[in-house]
Amino acid sequence: MSGHVTVVGGGIAGLTAAITCAEAGATVTLHEAHRTLGGRGRATEAPYVAHEGAHVFYADGPHWGWLAERGLTGKLGRPGPSALLRAGFRRDGVFRRSAPAGFLRMLLDGRRRAPVDQDFATWAGRRYGEAAATAAANAISVATYDADTGRLSAAFVWNLLHRVFAPRPPSVRWVIGGWQAVIDRMASHAESLGVRIETGSRVTTLPDTPTVVATELASARALLGDDSLRWQSGHCVMLDVALRRDRRDNFIVFDLDEGGFHESYSAQDPTVAPAGESLFQLDMPVKAGESPADAHRRLERFADVALPGWRDRVTWRRTATARGRTGALDLPGQTWQDRPEIERGDGVFLAGDMVAAPGMRGEIAINSALAAARGALTAAGRLPTR
Ligand SMILES: Cc1cc2nc3c(=O)[nH]c(=O)nc-3n(C[C@H](O)[C@H](O)[C@H](O)COP(=O)(O)OP(=O)(O)OC[C@H]3O[C@@H](n4cnc5c(N)ncnc54)[C@H](O)[C@@H]3O)c2cc1C
């Protein structure tokens, strides 16, 4: 069918691709296997709005501008000054407000370039000392969800470190209602542009129209019958927990000892928990060969530091494991250009957070979706061939 594009997958990548194609005048059908849209952007229903995956955006990438231009970001949440005073690090088993000097020196060294072909631990260890390199690798596990971030490409880790911790106004954005609220707005916008959205519709064979496959890489591998569609990603256990409010609860804790991360959801967005309660998510990367149960035990010990006395105040909790679902990780010698290509031939284009597009995590999904949509529009005769 001329001018028709099929999108497989109703996460943020699929919705981005569908909107882009519809805006260019294509007729679009989007298929989502689940009953609900959102993929890893889904959240549980109120009164405890906990995320399956993503909950923050970074505003220093083009994907944020794309969402904002269309009014899809909605109202932003902001933590109050008292929350900001309760941000810090787990260092040597206790909560501290300050980071080690070597780690801070690294952050001030933003003009330095790190090599692609060396691992971060070796490269940073030589320049800033082994302890600072380990602290930095564990701090940035907030974005890698990996128990051994030091083994990754120095350039990859360096870039993440400077985006997340750089000494400039923070670019992190919390949207009220979380990613689920953005997903809901994207779905309404897509429908207003005429996109046909079919939920509960798992695609098992590729259609003969130009198609954007915006699924996790494992599903794309099965759908395209292409075993080469693989990339490495993180592995962590998670604890979502609602507690009766206590002034000692910390807002954010980066775990320099073991790579965990703790964050309040409700300090910046009170709509996600009942009055008088606070909602938090903590995660801990799983070590090679470690059982998820052991990783959960380490996570709970980290929670003892981030949320003193939390075990007696629990009103709701949920645990989960995320494996291969936290975005692409690049090993020494690899950059984003080496990840599975977006254009697959025969009018098929890949989008998602493990394909060849720049950015981190959800940002890769949006950036790749924009490129995949351009490819599909060209194949559908809606854009001139380059
Ligand atoms: C714990 C965790 C925390 C994260 N935190 C952040 C964060 O704070 N910020 C950030 O930017 N990113 C974060 N991420 C990453 C972010 O969630 C993902 O990058 C993003 O949601 C990926 O979107 P997507 O649309 O590419 O894939 P998905 O959200 O996985 O969507 C793919 C969809 O395709 C559907 N599907 C699969 N196969 C088929 C089929 N055959 N037919 C039809 N439909 C199909 C699936 O059901 C799914 O809905 C996090 C991830 C995790 C796991």
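For this chain, numbers begin at 1 and follow the sequence in order. Start at 1 and go down the list; that is how both ligands and their atoms are numbered. The structure presented is a predicted model; accordingly, all values stated were derived computationally and were not measured.
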Engineer: So, regarding Val56 and ligand 1 (criterion: nitrogen or oxygen to nitrogen or oxygen, under 3.5 Å), is there a contact or not?
Structural biologist: yes
Engineer: With heavy-atom distances below 4.0 Å as the criterion, list the atoms of ligand 1 near Val8.
Structural biologist: 40 (C), 42 (N), 43 (C)
Engineer: For atom 31 (O) of ligand 1, what's the nearest protein heavy-atom neighbour? Residue, atom name and distance, please.
Structural biologist: Gly11 CA, 3.6 Å
Engineer: Is there a polar contact between ligand 1 and Thr326, counting only N or O atoms under 3.5 Å apart?
Structural biologist: no
Engineer: For atom 3 (C) of ligand 1, what's the nearest protein heavy-atom neighbour? Residue, atom name and distance, please.
Structural biologist: Tyr145 OH, 3.1 Å
Engineer: Under 3.5 Å, N or O to N or O, is Ala365 touching ligand 1 that way?
Structural biologist: no
Engineer: At what distance is the nearest protein heavy atom to atom 33 (C) of ligand 1, and which residue and atom is it?
Structural biologist: Glu32 OE1, 3.6 Å
Engineer: What's the shortest distance from atom 34 (O) of ligand 1 to any protein heavy atom, and which residue and atom give it?
Structural biologist: Gly9 CA, 3.3 Å
Engineer: Could you tell me which atoms of ligand 1, counted from 1 in the order shown, lie closer than 4.0 angstrom to a heavy atom of Gly362?
Structural biologist: 10 (C), 11 (O), 12 (N), 19 (O)
Engineer: For atom 39 (C) of ligand 1, grab the closest protein heavy atom and report residue, atom and distance to one decimal in Å.
Structural biologist: Thr215 CG2, 3.6 Å
Engineer: Show me which atoms of ligand 1 lie under 4.0 Å from any heavy atom of Gly38.
Structural biologist: 29 (O)
Engineer: Which residue and non-hydrogen atom of the protein lie closest to atom 19 (O) of ligand 1, and at what distance in Å?
Structural biologist: Asp353 OD2, 2.6 Å
Engineer: Report, in ascending order of atom number, the atoms of ligand 1 lying under 4.0 Å from any heavy atom of Arg42.
Structural biologist: 49 (O)
Engineer: Considering only heavy atoms of Glu216, which atoms of ligand 1 have at least one such atom less than 4.0 Å away?
Structural biologist: 30 (O), 37 (C), 46 (C)
Engineer: Check for me whether the distance between the ring centres of Phe254 and Phe165 falls short of 6.0 Å.
Structural biologist: yes
Engineer: Is there a heavy atom in Tyr58 that sits closer than 4.0 Å to ligand 1?
Structural biologist: no
Engineer: Taking distance alone, with N or O pairs closer than 3.5 Å, would you say Arg40 contacts ligand 1?
Structural biologist: yes
Engineer: Which ligand 1 atoms does His55 reach within 4.0 Å, using its non-hydrogen atoms?
Structural biologist: 7 (C), 8 (O)
Engineer: Are any of the N or O atoms of Cys236 closer than 3.5 Å to those of ligand 1?
Structural biologist: no
Engineer: Just to confirm my output: which protein heavy-atom neighbour is closest to atom 41 (N) of ligand 1, and how far is it?
Structural biologist: Val203 O, 3.0 Å
Engineer: Using side chain to side chain donor-acceptor pair (under 3.5 Å) as the criterion, list what pairs up with Gln232, not counting sequence neighbours.
Structural biologist: Gln334
Engineer: If you count the atoms of ligand 1 from 1 in the order shown, which ones are under 4.0 Å from a heavy atom of Met238?
Structural biologist: 1 (C)
Engineer: Going by the order shown, which atoms of ligand 1 are within less than 4.0 Å of some heavy atom of Ala33?
Structural biologist: 43 (C), 44 (N), 45 (C)
